[in-house]
Structures are given as C-alpha cells and as structure tokens.
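As structure tokens, the structure follows; a few thoughts come after it.
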Amino acid sequence: MRRTTLTQFLVEQQRSARAIKPELRLLIEVVARACKAIAVNVGKGALAGMLGNAGTENVQGEAQKKLDVISNEILMEANEWGGHLAGMASEEMETFHEIPNRYPKGEYLLLFDPLDGSSNIDVNVSIGTIFSVLKSSDELGPVTEKSFLLPGTSQVAAGYAVYGPTTLLVLTVGTGVHCFTLDREMGSWVLTQSNMTIPEDTKEFAINMSNMRHWEPPVKRYVDELLQGKEGPRGKDFNMRWVASMVADVHRILTRGGIFMYPRDKREPDKPGKLRLMYEANPMSFIVEQAGGAATNGHQRILDVRPGKLHERVSVILGSKNEVERVTSYHLA
Ligand code: AHM
Ligand code: MG
C-alpha cells in the first residue's frame, strides 16, 4: 500500500489544491518536526527527569511543568531561523517574540500552546501541542502585540499533536481536516485519515462537572437536561467523558462526535472562561468548523471574536453542530 507522508500531502496542497504557499508548507513542516521532538521528550518521562514542576510560573500565574518549558523551547528554536515568520507567541510566554534581525523574516505569525493538558503530564494521560498560523497584515514593519490581534477567521493553518498511545498530528489549511500518525521507526508523519467529519448529532458530552455550581443559567439548563436522560426533555441517555486535556477531548469529538464545553463561570467574573482564545480556542474552532462542527462562546462564533489582548480567555462550546446550536439557543432565550 502506498503511504502518503505529511511532506507529500503538503506538496499536493501547494500544487494541485493551491491551498498553501511554499513558505507556509515549510512552516508547517518545521512545526511538525518540533512536535516529533516534543513527543520524544514526553516519551522519556521519568527516565530523563522530564516529570514534575519547573519551579516557575507562567504569565497566567500557573505553575509551569518541566515539559511545558522544554516544549516551548523546542518550538521556539525550531521556528526562529526558517525565514517564514514575522513573530511567535506562546501560552507560556508573557509577551510575543519577534524574529531577531539576524534571521530573514516572513509574513506569518505562529501562536501555540506548547503542551496542553499540563495537569495530565505526571499521570501519564494524553497531552498535546496546539498551534495556529496567522498571516500578518503588517507590511514588513516591526511586529507589535497588535499584529497578533486578528480574529480566528484570519488563520491560514491550525493543528494539534496528541501524545497518546500513538502520536498524532491533526491539521487543517482550510481544505478539510486530516490526521497523520507518527511512524516512530521511520520518523515520518503518515496520512491515516482524510477529511475527518464530526457527526451533527451526539449522545456524548464533555465538561468539568465539578464547576456546575458556578455556571451561568443557559449551560446549567443544557447539562441538566442531558442528565435527565431518557426520562427528560431530550428523550435519550447521554454519556460523559472529560480527559482534562483539550487535545484529547477534541480529538475524541473529531473521531466519534460529541460536545465540549469550558464555559464562562462565576469564579472569576472578569475572566470570560479558562481557555485561551489565541492558543486554544481559535485553532480548535478552525479545525472543528472544517470538520463540519460548530464553535461558539455562547453568543458569538469563536472565529469572529476580535481579540483585545494576546492572552485573552474565552468561553468555549464546540463540537457536534446540532448540540452546539441548542446551547446557543439557550443563551439567546
Ligand atoms: P493548560 O493549557 O494549562 O494545560 O490548561 C488547559 C486545559 C485544557 O486542556 C483542558 O480542557 C482544561 O484545561 C482542563 O481544565 P480543568 O483542570 O479545570 O478540568
Ligand atoms: Mg492549554
């Protein structure tokens, strides 16, 4: 059987589909290579002293794990010198990083959550990397924070890697969603699923139920109805899953449908949710929409949200279309 590698896939996207420019192809390949290096480090675990805290905090005041820091460094180093980027921004760095003058610069901006699902690192549960590529609208001028503050509709590529039983890379360049599996012996990403689609209906939901008392009424009403199962207004039983790694929860939804919610809650009233718009919500929403699903903050399509700052947070409701639309209608009621 002939196997399609990521390189072949991207060349094809460049040549026939004309979906990407050669510079974007190279950029995606560099990110994918960095994800391989992260996978190697994740896989070493305790053997190489990779587990545990780094003893530092990130800009959001969260304790950084050693692997958060290592993954961030791997992505930064891999992408700095390629000549395709104007700048980078990371969930783990306080401010954006402009490509230094000693390297050529390009027109793209790369944003990433280097290791998503940090609470799962030390317990050997799936974790991942999420990335988003924006086309800079600045005409070769210096990069500022404002350069990054574009809505998710400006993304030209987005993807995530999952470091689980197998290492996967899920990617969109706006022509559907495609999944590659890492062949560890060969060191190559092999296309294993093209055009992933999320079923419109589902019987599975994902939310951290321990926050229920803090939710706003529309989400409370929606989940209450799911919990009533066959006897309730929905007339069917629902199943619940919560990995607590967004990459793993979203990957399950891309594989068999479902709805994922990390809604705004009353714990910190000035924070509109836990997840970050630029590093988590936007790339995942682009992928989910490309797979036929929907993504909203309850009031607005996530990809249309205009960011006010780099580390902006957002309420996230995404997955099977009909369920996402139902939650939206409860917000409007
Ligand atoms: P992280 O980027 O610090 O790892 O946090 C994001 C994670 C998501 O992957 C996951 O959906 C969520 O936070 C889990 O939160 P909680 O621990 O509140 O259930
Ligand atoms: Mg994260």
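Remember, it's 1-based here, ligands and their atoms both numbered in the order they're listed.
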Test of proximity, [X] against ligand 1: N or O pairs below 3.5 Å:
X: G117; answer: yes
X: K274; answer: yes
X: M246; answer: yes

Rounded distance [0.5 Å steps], [atom1] in [X] versus [atom2] in [Y]:
X: L85; Y: E23; atom1: CG; atom2: CD; result: 11.5 Å
X: Y160; Y: S245; atom1: OH; atom2: OG; result: 12.0 Å
X: D116; Y: M246; atom1: CG; atom2: CE; result: 7.5 Å

Judged by atom type as modelled, is there a donor-acceptor pair below 3.5 Å linking the side chain of D122 to the main-chain atoms of L51?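 No; zero donor-acceptor contacts below 3.5 Å.
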With under 30° as parallel and over 60° as perpendicular, where do the rings of H299 and H331 fit, or are they tilted in between?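 Rings of H299 and H331: perpendicular, over 60°.
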With under 30° as parallel and over 60° as perpendicular, where do the rings of F96 and F148 fit, or are they tilted in between?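 Ring orientation, 0 to 90° scale: tilted.
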Heavy-atom distances under 4.0 Å are what count here, so tell me which part of [X] touches ligand 1: side chain, backbone, both or neither.
X: F260; value: side chain
X: S245; value: backbone
X: N211; value: neither
X: N208; value: side chain

Would you mind running through ligand 1 and noting each atom that sits below 4.0 Å from a heavy atom of [X]?
X: R276; answer: 1 (P), 2 (O), 3 (O), 5 (O), 6 (C)
X: E91; answer: 1 (P), 2 (O), 3 (O)
X: E280; answer: 2 (O), 6 (C)

Non-hydrogen atoms of A244 versus ligand 1: any pair closer than 4.0 Å?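 Within the 4.0 Å threshold, so yes.
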Does Y222 have its ring centroid less than 6.0 Å away from the ring centroid of W215?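 Centroid separation for Y222 and W215: 6.0 Å or greater.
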Shortest non-hydrogen contact between V305 and N297, atoms and distance: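 Taking every non-hydrogen atom into account, CG2-ND2, 4.0 Å.
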